Each structure stands twice: as structure tokens, then as C-alpha cells.
Amino acid sequence: MIMSCMSTTAQKSNDMQKGGEILVSHSQGGADMPGFVLINNEQELQKAMQNRSNLLVEVGKEPEIDYPAFPKDKKVVLYNLGMFRSGDHSIKEIKSVSVKENVLYVEVPFYESGGMEIQVISNPWMIFTVPSELKFNSVQLKYSK
């Protein structure tokens, strides 16, 4: 696997740099290719979580999923990180978000997962929020130390 980190950062004006918040993050259940979808309401959020959750269900009982509340004043983004063949690639924190030329840059901490001792295919995904006034048509992760 070849991974590149950007050595320069996108120019951020004060009004473009905003915070993001992770609602849900898992290491399995995402799509094979990176991509994003905007979630518009509570029903879409629940459906997205149901389709991606790996549930262990006891026979005769309904599955229980703890859904986060849908924020009224923010955009909600489902982001699939793609397929990885080893290591832990789930994201636990968002440092900052910014928009430049209609691209939402999501800055996350760089995390080394320990190499290739065990090879497991994973499809991490996350659902996060950004301020509602941000306008973008693509999402890109930026890893920083």
C-alpha cells in the first residue's frame, strides 16, 4: 500500500475553517471505493446506519441500534474510506474542516496501525457533521501528525 500525505495545506480563511464532529465511525460495513453521501433527515441517517451495522442479534429479539440524534443546524455526511487489506483505518477524531474550490477537506490525525502482522480486509466508514453553510461537491481526507 502506498500512502501519500500532503506536505502543504490548503489556504484557509477564518470563515472557511470550521469544526466537524463524528457521529458514528466503524471499521467495517463501508463501500469498497472511497466516496460520500449527504444525509438529509433522520430516516436517511437510520437507514445508513442499519445498512452498515454488523449486528449480532439474539434469536427472538429485535436488534437494538443506538442512533445519534439528527442535528438540525448542520450537514450530515456519510463517508466511506474504501477498502484496506491490513491495519486499523477507522477515524476517531476530526481536527478541522475547510472548503477550497468546492472540496471539503477533512483533517484527521495520522495513525499508524502497526503494519501487516494480520491481514484483514476492512471497509471503514464514518458519519460526521459540518456547518450547514459549507458548500462542496467532493470530500477529501487530509492526514496530519
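The model shown is predicted, which means the values in this text are computed figures rather than measured ones. This chain uses plain numbering: 1 for the first residue, then up along the sequence.
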Residue pair Val77 / Val106, side-chain heavy-atom distance below 4.5 Å: no

Lys47: side-chain hydrogen bond (donor to acceptor under 3.5 Å, both in side chains) partners, not counting sequence neighbours: none

Validation row: Trp125, Val24 side chains within 4.5 angstrom (heavy atoms): yes

Exercise: identify the closest heavy-atom pair between Asp73 and Ser132: O-OG, 3.4 Å

Exam field: side chain Glu21 to backbone Ile94, donor-acceptor pair closer than 3.5 Å: no

Shortest non-hydrogen contact from Tyr67 toward Gln50: OH-NE2, 2.9 Å

Heavy-atom donor-acceptor pair, Ser90 side chain to Pro124 backbone, under 3.5 Å: no

For Ser27, all residues meeting side-chain hydrogen bond (donor to acceptor under 3.5 Å, both in side chains), sequence neighbours excluded: none

Nearest-0.5 Å distance, OG of residue Ser98 to CD of residue Gln140: 10.0 Å

Partners meeting side chain to side chain contact (heavy atoms under 4.5 Å, CB included) with Glu44 (sequence neighbours left out): Ile39, Asn40, Asn41

Side chain to side chain contact (heavy atoms under 4.5 Å, CB included) against Pro34, all qualifying residues, sequence neighbours excluded: Tyr79

Set of residues satisfying side-chain hydrogen bond (donor to acceptor under 3.5 Å, both in side chains) with respect to Ser144, sequence neighbours excluded: Lys95, Glu107

With Phe136 via ring pair (Phe, Tyr, Trp, His ring centres under 6.0 Å) - residues at least two apart: Phe36

Ser25 OG to Phe128 CZ distance, which is reported to the nearest 0.5 Å: 11.0 Å

Closest non-hydrogen atom pair, His89 against Leu81: O-CD2, 3.3 Å

Partners passing side-chain hydrogen bond (donor to acceptor under 3.5 Å, both in side chains) against Asn80 (at least two apart in sequence or in another chain): none

Check: Lys75 side chain, Leu134 main-chain N or O, donor-acceptor pair, under 3.5 Å: yes

Between NZ on residue Lys74 and CD on residue Glu133, distance to nearest 0.5 Å: 9.0 Å

Val99 side chain reached by Lys135 side chain, heavy atoms, under 4.5 Å: no

Hydrophobic cluster identity match, Val139 and Phe110, side-chain contacts under 4.5 Å: yes

Close side-chain approach of Lys142 to Ser96, heavy-atom, < 4.5 Å: no

Nearest heavy atoms of Met49 and Pro68, plus distance in Å: SD-CD, 3.4 Å

Pairing residues for Asn102 by the side chain to side chain contact (heavy atoms under 4.5 Å, CB included) criterion, not counting sequence neighbours: Asn137

CG-CD1 distance between Leu45 and Ile127, expressed to the nearest 0.5 angstrom: 5.0 Å

Shortest non-hydrogen contact between Ala69 and Glu42, atoms and distance: C-OE1, 4.3 Å

From Lys92 atom NZ to Met126 atom CE, the distance as rounded to the nearest 0.5 Å: 11.0 Å

Reported NE2-to-CG distance for the pair His26 and Asn123, which is rounded to 0.5 angstrom: 13.5 Å

